Amino acid sequence: MNVIEDLRQRGMIQDIMPGTEELLAKEKVAAYVGVDPTADSMHVGNLATIMLLVFLQKYGHTPVALVGGATGMIGDPSGKSAERNLLDEETLLHNQKGVRAQLEKLLDFDTEANPARLENNYSWFKDMGALDFLRNVGKHLTINYMMAKDSVKSRVETGLSFTEFSYQLIQGYDFYHLYKNGGVKIQMGGSDQWGNITAGTELIRRMDGGEAFAFTCPLITKADGSKFGKSEGGNIWLDPNQTSPYKFYQFWMNATDEDAAVFIKRFTLLPMDEIEALIAEHEKAPHLRALQQKLAEEITVMVHSRDAYDQAVRASQALFKGSKEDLMALSKSELLEVLEGVPTHTLKRDSHGDSLDMVSFLSTETGILPSKSEAMRSLKANSISINKEKVAEGSEITEKDLLNGEFILVQKGKKNKFLVILE
RNA sequence: GGAGGGAUUCCCGAGCGGUCAAAGGGGGCAGACUGUAAAUCUGCUGCUUCGGCUUCGGAGGUUCGAAUCCUCCUCCCUCCA
């Protein structure tokens with residue numbers, strides 16, 4: 001089986017240029033995807049195209065990640081309805097460092113045969129003058145050609161700056177540069193990048209008479225139409241400091257059946273027959289959630305580590321399955337270890353005798369909920385649990401509620417957990 | 001430059017000068033049912049010392065009383081030049 005065949009089975013091929021599959025079957029080649037350094041960490045959304053690199057490497061080809069230091073300064077109009085803000089050089093540099101560290105976990109940069117490579121287009125754009133660019137690059141594509149791109153067409157009505165308009169040229173030149181100097185023959189990306197990518201192959205043809213190839217993967221959509229990669233708290237980041245491994249693990253555990261079946265194909269390296277078997281197993285006994293569990297395991301281990309995964313599982317066991325007694329039985333260090341990654345709030349020990357009314361405890365004293373009204377509402381809705389036991393309106397927090405003399409586990413609904421530490 | 005129309009709570013959108021913290025929808029949160037799923041049903045969705053308090057683009061004004069009337073300002077849209 002070749003990469004394309006594999007990717008196709010996983011639903012990861014959207015558009016593909018004729019000849020791409022043949023090329024990949026015939027020889028080992030280098031292919032790249034661009035990563036926008038808009039933050040100092042990638043999020044699960046970025047993971048979709050990074051997986052293309054991962055698969056590529058698995059099949060013996062050379063994956064190249066292009067961090068868009070230069071393109072990040074321009075802003076891609078694709079899929080954007082409004083002009084983007086430009087980032088300054090310092091921020092971009094900082095972001096690139098973060099992204100690089102994460103890529104190193106997903107791709108093998110040290111293997112002998114086909115080590116992954118990281119490029120930064122800032123290195124070839126920073127010294128290029130405007131005149132050079134216009135004469136040597138801009139000359140090769142017509143306005144008519146560029147205007148025909150969807151990303152441009154959709155913005156003509158509402159307005160599009162020259163800067164964003166020229167984005168496809170910049171990105172196209174990236175491909176040309178990598179083709180010419182890095183032996184890269186294929187560009188990949190999300191399907192929204194198709195227009196930019198073909199600008200690149202076109203440029204290579206016109207500037208050099210060369211032939212380059214490309215393919216894209218479908219953008220990830222969830223069954224209910226909501227945006228992939230977000231949860232209540234915002235983006236799901238790969239950086240454990242921004243999204244704890246526990247939360248990361250939970251994100252995947254919470255995938256719907258339908259989504260999990262898609263995700264496991266796209267985000268794990270599990271062979272397809274194994275995946276098919278899992279899906280079948282899951283259909284027979286959906287309540288066991290074998291699919292979500294495997295999905296969460298594979299991705300958490302890959303992005304974080306086996307340890308972080310084990311940790312997340314322990315925390316989830318305690319939080320979802322455990323009883324009050326189980327919690328009470330844990331020592332302080334066990335408790336802290338198990339609840340690693342659960343949002344923490346502190347409570348001042350002094351000044352309120354030995355009991356505290358529930359409303360103040362939830363709002364003003366710990367900040368778990370933003371206002372007393374909100375706390376009141378949640379209590380009325382019967383959604384608050386203290387140490388796994390539902391509490392009613394008007395109840396109080398007392399010494400007896402403390403686990404190990406200093407902790408309280410608060411839950412709002414089924415999924416929102418908070419650890420309160422008494423100081 | 002001229003003539004009109006508009007700006008409302010997270011979003012869309014309704015709103016006789018009092019009974020409007022403001023219809024309705026969306027979204028969000030929660031409860032029930034389940035499987036930490038989907039679908040469905042239900043409730044909640046400004047703050048509060050529960051007396052009230054602060055909200056309807058901004059600043060003033062009229063009035064016992066304004067989101068609703070008047071004046072000026074800002075921004076947006078349409079039409080004419």
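Values in this document were obtained by computation on a predicted structure and should not be read as measured data. In what follows, chains carry the letters A, B, and so on, assigned in the order in which the sequence lines appear, proteins first and then strands, with residues in each chain numbered from 1.
A salt bridge does not link A/D310 to A/R314: none of the charged nitrogens lies less than 4.0 Å from a carboxylate oxygen. Residues A/E281 and A/K284 are not paired through a salt bridge, judged by the lack of any N-O separation under 4.0 Å between the basic side chain and the carboxylate.
Checked against B/C47, B/G35, B/A38, the side chain of A/T256 finds its nearest nucleotide in B/A38. You'll find that the side chain of A/S383 is closest to B/G31, out of B/G31, B/G35, B/U36.
Atom-to-atom, CG of A/L379 to P of B/C29 comes out at 19 Å; the value is rounded to the nearest Å. Rounded to an integer number of Å, the gap from A/L288 CG to B/A37 C1' is 13 Å.
For A/K390 and B/G31, the shortest distance from a side-chain N or O to OP1 or OP2 is below 4.0 Å. Under 4.0 angstrom from either OP1 or OP2 of B/A30 there lies no side-chain N or O belonging to A/S378. In this model, the phosphate group of B/A30 is approached by a side-chain N or O of A/N416 to a distance below 4.0 Å at OP1 or OP2. Between A/K372 and B/U49 there is a side-chain polar atom (N or O) within less than 4.0 angstrom of OP1 or OP2. Distances shown here put a side-chain N or O of A/R377 below 4.0 Å from the OP1 or OP2 atom of B/C47. Proximity of A/S371 to the phosphate of B/U48: a side-chain N or O atom is located under 4.0 Å from OP1 or OP2. Within the 4.0 Å cut-off from OP1 or OP2 of B/A37, at least one side-chain nitrogen or oxygen of A/K415 is found.
A/K380 comes within 4.0 angstrom of no nucleic acid atom, judged by non-hydrogen atoms across all strands.
The gap from the P atom of B/U68 to that of B/G15 amounts to 14 Å, rounded to the nearest Å. The gap from the C1' atom of B/C44 to that of B/C76 amounts to 34 Å, rounded to the nearest Å. Separation of the C1' atoms belonging to B/A14 and B/U8 is 9 Å when rounded to the nearest angstrom.
Shown for residues 313-326 of chain A: residues whose heavy atoms fall under 4.0 angstrom of RNA chain B, namely A/S316, A/F320.
Under a cut-off of 6.0 angstrom, the local environment of CE in A/M147 is sparse, with at most 12 non-hydrogen atoms contributed by other residues, nucleotides or ligands.
Nearest heavy atom pair, residue A/G189 against residue A/V33, reads N-CG1, 4.4 Å. Residues A/C217 and A/M12 share a closest heavy-atom pair of CB-O, 3.0 Å.
A donor N or O paired with an acceptor N or O is found under 3.5 Å between the base of B/U36 and the side-chain atoms of A/Q250.
For A/L422, the side chain to side chain contact (heavy atoms under 4.5 Å, CB included) partners at least two apart in sequence or on another chain are A/L347, A/R349, A/L402, A/E406.
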